[in-house]
Trainee: 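Quick one: the structure is below, and I'll ask about it shortly.
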There are 2 protein chains.
Amino acid sequence: MKISAKGEYALRAVLQLALDHHRQEVTSMQEIAQSQEIPLKFLEQILLTLKKAGLVGSKRGNAGGYYLAKGPDQITVGEVLRITDGPVMTLACISSPMGCERQTRCFFHPLWQEVNSTVEGIIFSTTFADLCGRPRGYMYYI
Amino acid sequence: MKISAKGEYALRAVLQLALDHHRQEVTSMQEIAQSQEIPLKFLEQILLTLKKAGLVGSKRGNAGGYYLAKGPDQITVGEVLRITDGPVMTLACISSPMGCERQTRCFFHPLWQEVNSTVEGIIFSTTFADLCGRPRGYMYYI
DNA sequence: CAATAACCAAGCAATTTAGTCGGAATTAAC
DNA sequence: GTTAATTCCGACTAAATTGCTTGGTTATTG
């Protein structure tokens with residue numbers, strides 16, 4: 001499970017939009033880039049692909065910006081990650097349409113299936129609403 | 001969860017050694033490379049790192065080869081993969097010794113912890129003995 | 001019309017990946 | 001003790017991927 005910088009940035013960008021979702025305005029790339037510490041022009045690319053995928057919407061021109069296309073409870077971590085980083089599990093044995101031709105690959109097949117479906121089970125059921133309204137790790141309240 | 005060619009080859013190589021484990025001889029790289037379709041010189045590198053890690057042993061010279069340092073029921077898929085591909089989960093939030101300094105990263109921390117420990121739970125409990133004596137996927141018995 | 005923003009296409013340096021090349025050291029068999 | 005088979009070792013390299021940057025164009029608001 002390797003998450004690229006691109007993937008991490010995408011998640012943080014969507015998180016920011018989720019946090020800003022209650023106010024009825026768009027959030028500019030500038031704001032996202034600053035509050036989430038993401039290189040602006042890289043973020044631009046990322047938001048564009050997220051838009052093409054229908055996850056976010058945008059308003060152009062002055063006072064423009066981005067917004068979530070769906071509610072934060074309708075967008076999962078898995079969705080975002082699949083758009084930016086591709087399929088969760090990349091292995092010839094799993095991803096090839098033929099399945100496994102080679103005998104020995106099939107020794108591993110059931111294992112990868114299990115790993116894949118387990119991970120997908122987690123990340124495709126975790127929404128950004130879940131993330132926002134969840135106690136965060138390593139935080140101590142006095 | 002991206003498994004590199006190196007990682008996949010390593011798993012297949014160890015699998016071959018596990019399959020050959022009952023006969024009390026070493027298996028040469030040649031044999032492994034041929035039966036598992038692994039480029040010989042690449043396999044060489046891989047077996048060398050597996051050896052340094054103490055997973056396999058070798059016998060040099062004529063009629064030499066490799067053997068498992070432990071029984072197939074003592075070697076897990078996770079062990080092999082960690083040697084060749086590094087840690088299961090690579091993300092600043094998880095791997096940095098500091099934990100998360102940035103606030104927003106911590107939104108994701110519990111999620112990554114869960115994914116990480118779940119995947120590790122699977123691959124570090126699956127041994128090569130398990131793989132060998134398990135019905136393989138996509139096989140139909142008449 | 002000027003400022004502010006999203007949109008778009010390319011390019012690019014560094015890193016990683018997936019190997020290859022050439023040889024040295026070791027062992028068994030003859 | 002020479003030869004053939006084999007592991008060991010270090011360097012090299014081509015291609016792909018990653019993580020951006022550059023330089024614009026187009027749309028919207030005031």
Side-chain angles (χ1 to χ4, degrees), chain A residues 1-13 16-17 20 25-34 36-69 81 83-87 90-92 95, chain B residues 1-13 16-17 20 25-34 36-69 81 83-87 90-92 95:
Chain A
M1 192 75 196
K2 182 194 158 197
I3 292 170
S4 66
K6 189 174 169 185
E8 202 178 336
Y9 290 157
L11 290 172
R12 300 224 298 261
Q16 189 62 50
L17 293 179
D20 292 351
E25 291 176 347
V26 297
T27 306
S28 73
M29 274 198 305
Q30 287 270 0
E31 289 177 79
I32 299 172
Q34 275 170 24
Q36 293 295 330
E37 300 176 41
I38 304 172
L40 182 66
K41 294 295 278 183
F42 197 18
L43 176 61
E44 199 178 304
Q45 282 184 11
I46 292 164
L47 285 171
L48 236 38
T49 66
L50 291 179
K51 195 194 170 186
K52 276 177 200 158
L55 225 71
V56 302
S58 68
K59 184 186 161 194
R60 296 185 67 169
N62 199 344
Y66 284 90
Y67 55 91
L68 293 186
L81 237 37
I83 292 164
T84 55
D85 286 25
T90 54
L91 187 73
S95 52
Chain B
M1 194 75 197
K2 183 192 157 198
I3 293 169
S4 65
K6 189 173 170 185
E8 201 179 335
Y9 290 157
L11 289 172
R12 298 225 298 262
Q16 188 62 50
L17 293 179
D20 293 351
E25 290 176 345
V26 296
T27 306
S28 74
M29 275 197 306
Q30 288 270 359
E31 289 177 79
I32 299 173
Q34 276 169 24
Q36 294 294 330
E37 299 175 42
I38 303 171
L40 183 65
K41 295 292 281 184
F42 196 18
L43 176 61
E44 201 179 302
Q45 281 185 11
I46 293 164
L47 284 171
L48 237 38
T49 66
L50 291 179
K51 195 194 169 184
K52 277 178 199 156
L55 224 71
V56 302
S58 68
K59 185 187 161 194
R60 296 185 66 171
N62 199 344
Y66 285 90
Y67 55 91
L68 293 185
L81 238 37
I83 292 163
T84 55
D85 286 25
T90 53
L91 188 73
S95 51

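Keep in mind it's a predicted model, so treat the numbers as computed, not measured. Protein chains get the first letters and strands the later ones, always in sequence-line order, with residue 1 at the start of each.
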Trainee: Which of these nucleotides, C:dG22, C:dT27, C:dG19, is closest to any side-chain atom of B:Gln45?
Mentor: C:dG19
Trainee: Expressed in angstrom and rounded to an integer, what is the separation of A:Leu43 atom CG from C:dC7 atom C1'?
Mentor: 13 Å
Trainee: Would you mind telling me which of C:dG19, D:dC9, D:dT21 lies closest to the side-chain atoms of A:Pro39?
Mentor: D:dT21
Trainee: Grab the CD1-C1' distance between B:Ile32 and D:dT7 for me, whole Å please.
Mentor: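 That distance rounds to 12 Å.
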Trainee: Output the rounded distance in Å from CG (A:Asn62) to C1' (D:dT26).
Mentor: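 Rounded to whole Å, this separation is 14 Å.
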Trainee: Quick check on C:dA5: is either OP1 or OP2 less than 4.0 Å from any side-chain nitrogen or oxygen of A:Tyr66?
Mentor: no
Trainee: What is the distance, rounded to the nearest whole Å, between atom OH of B:Tyr67 and atom C1' of D:dT7?
Mentor: 12 Å
Trainee: May I ask you to verify if any side-chain N or O of B:Lys6 is less than 4.0 angstrom from the OP1 or OP2 atom of C:dT17?
Mentor: no
Trainee: Taking the minimum atom-to-atom distance to the side chain of A:Phe42, which one of D:dG19, D:dA5, D:dT28 wins?
Mentor: D:dG19
Trainee: Tell me: NZ of B:Lys59 to P of D:dT6, nearest whole Å?
Mentor: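 These atoms are roughly 11 Å apart.
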Trainee: Is a side-chain donor or acceptor of A:Gln34 paired with a backbone partner of A:Glu31 at a separation under 3.5 angstrom?
Mentor: no
Trainee: Taking only the side-chain heavy atoms of B:Ser58 (C-beta and beyond), determine which of C:dA6, C:dT17, D:dT7 contains the nearest atom.
Mentor: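 Per side-chain heavy atoms of B:Ser58, the pick is D:dT7.
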Trainee: Counting distance alone, no hydrogens or angles: does the base of C:dT26 have a donor or acceptor under 3.5 Å from a partner atom on the side chain of B:Arg60?
Mentor: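 Result: no qualifying N/O pair found.
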Trainee: Between A:Lys41 and A:Ala63, name the one whose nearest nucleotide on DNA chain C is closer to the 5' end.
Mentor: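 Looking at DNA chain C, the more 5' nearest nucleotide goes with A:Ala63.
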Trainee: Could you check whether any side-chain N or O of A:Asp85 sits under 3.5 Å from a backbone N or O of A:Lys6, counting only pairs where one atom can act as donor and the other as acceptor?
Mentor: no
Trainee: Provide, to the nearest angstrom, the distance between the CD1 atom belonging to A:Ile3 and the P atom belonging to D:dT18.
Mentor: 13 Å
Trainee: Figure out the CD/C1' separation between A:Gln30 and C:dT4, and round it to whole Å.
Mentor: 10 Å
Trainee: For A:Ser58 and A:Lys51, test the side chains for any donor-to-acceptor distance below 3.5 angstrom and give the result as yes or no.
Mentor: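 A pair is found: one side chain offers a donor N or O, the other an acceptor, under 3.5 Å apart.
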Trainee: State, to 0.1 Å, how close B:Gly54 and B:Ala69 come at their nearest heavy-atom pair, and which atoms those are.
Mentor: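 In terms of heavy atoms, the two residues are closest at O-CB, 3.4 Å.
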Trainee: Nearest nucleotide by nearest heavy atom, which residue falls closer to the 5' end of DNA chain D, A:Lys2 or B:Lys52?
Mentor: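 With B:Lys52 and A:Lys2 compared, the 5'-side residue is B:Lys52.
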Trainee: Which pair of heavy atoms, one from A:Leu43 and one from A:Ala13, lies closest together, and at what distance?
Mentor: CD1-CB, 3.8 Å
Trainee: Heavy-atom nearest nucleotide on DNA chain D for A:Ala5 versus A:Gly61: which residue maps closer to 5'?
Mentor: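 Residue closer to the 5' terminus by nearest nucleotide: A:Ala5.
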Trainee: May I ask you to verify if any side-chain N or O of B:Tyr9 is less than 4.0 angstrom from the OP1 or OP2 atom of C:dG19?
Mentor: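 Yes, because at least one side-chain N or O of B:Tyr9 sits under 4.0 Å from OP1 or OP2 of C:dG19.
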Trainee: At 4.0 Å (heavy atoms only), tell me whether B:Glu44 reaches a base, stays on the sugar-phosphate, or touches nothing.
Mentor: base
Trainee: Could you give the CG-to-P distance, from B:Leu48 to C:dT20, as a whole number of Å?
Mentor: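 My rounded result for the distance is 16 Å.
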